[in-house]
Amino acid sequence: MQFTLNELLPGELATVRGLFPDNGRDITTRLMDLGLTRGARVRCLFAAPSGEPRAYLIRGAVIALRREDAALVCASAREVCA
């Protein structure tokens, strides 16, 4: 099953499959710099009451992403963390 990172709920874990084009916003390079590369495991830790930003654990670092930026990350293998 394939989905985008902004669909990940707090407590769920996924694997990054790749990034979608950002239509000239130059954010995909920044996302890769943050560790969102193919095969990276990402856990959604927290969602603000308004739904954004969300905090993600990526390669040992906690990163907050806006919904529109998280929507550029294609993910798979959704799991619930204990």
Side-chain angles (χ1 to χ4, degrees):
M1 185 168 102
Q2 189 171 313
F3 57 95
T4 58
L5 200 59
N6 66 331
E7 298 175 61
L8 203 61
L9 299 174
E12 291 184 331
L13 181 70
T15 302
V16 175
R17 293 189 56 153
L19 299 175
F20 293 113
D22 63 3
N23 299 320
R25 289 185 29 225
D26 295 326
I27 191 70
T28 54
T29 302
R30 180 67 179 132
L31 292 172
M32 287 189 295
D33 289 343
L34 293 171
L36 289 164
T37 56
R38 187 185 248 325
R41 305 279 287 166
V42 180
R43 181 185 308 197
C44 183
L45 297 176
F46 175 80
S50 65
E52 79 176 320
R54 289 182 184 230
Y56 299 94
L57 181 63
I58 305 164
R59 299 185 189 266
V62 177
I63 306 295
L65 294 176
R66 295 179 297 182
R67 184 176 302 152
E68 65 184 288
D69 297 335
L72 297 174
V73 181
C74 178
S76 65
R78 182 185 291 192
E79 309 168 17
V80 177
C81 301

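One-based numbering along the sequence shown.
For the atom pair CD1 of I27 and CD of E68, the computed distance is 8.5 Å after rounding to the nearest 0.5 Å. Here OG1 of T4 is found 10.5 Å from CZ of R67. Values are rounded to the nearest 0.5 Å. In this structure, OG1 on T29 lies 11.0 Å from CG on L34, to the nearest 0.5 angstrom. The structure places CG of D22 at 14.0 Å from CZ of R30, a figure rounded to the nearest 0.5 Å. In this structure, R41 CZ and L57 CG are separated by 11.0 Å, a value rounded to the nearest 0.5 Å.
In terms of hydrophobic clustering, with Ile, Leu, Val, Met, Phe, Trp and Tyr side chains grouped at heavy-atom distances under 4.5 Å, L45 and I63 are assigned to different clusters. Following chains of ILVMFWY side-chain contacts shorter than 4.5 Å, one can reach L72 starting from M32, so the two form part of one hydrophobic cluster. Hydrophobic clustering (ILVMFWY, side-chain heavy atoms < 4.5 Å, transitive): L65 and F3 are in one cluster.
Although no hydrogens or angles enter the test, the distance criterion places a donor-acceptor pair under 3.5 Å between the side chain of R38 and the main chain of R17. In this structure, R54 contributes its side chain and L8 its backbone to a donor-acceptor pair below 3.5 Å.
Around atom CG of D33, more than 12 heavy atoms belonging to other residues, nucleotides or ligands sit under 6.0 Å away.
The two residues F20 and A71 have their closest heavy-atom pair at CD1-O, 3.7 Å. Across all their heavy atoms, A40 and G35 have their closest contact at CB-O, 3.4 Å. Shown here for L9 and C44, the closest heavy-atom pair between the two residues is O-CB, 3.4 Å.
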Can you list the steps and then say if R59 with T37 is a side-chain contact (heavy atoms from CB on, under 4.5 Å)?
CA-CA 10 Å; R59 299 185 189 266; T37 56; 2.7 Å; yes
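With a 4.5 Å cut-off on side-chain heavy atoms, E12 and R43 do not count as touching.
Partner L5 forms a side chain to side chain contact (heavy atoms under 4.5 Å, CB included) with one of V16, D69, L36 and no other, that one being L36.
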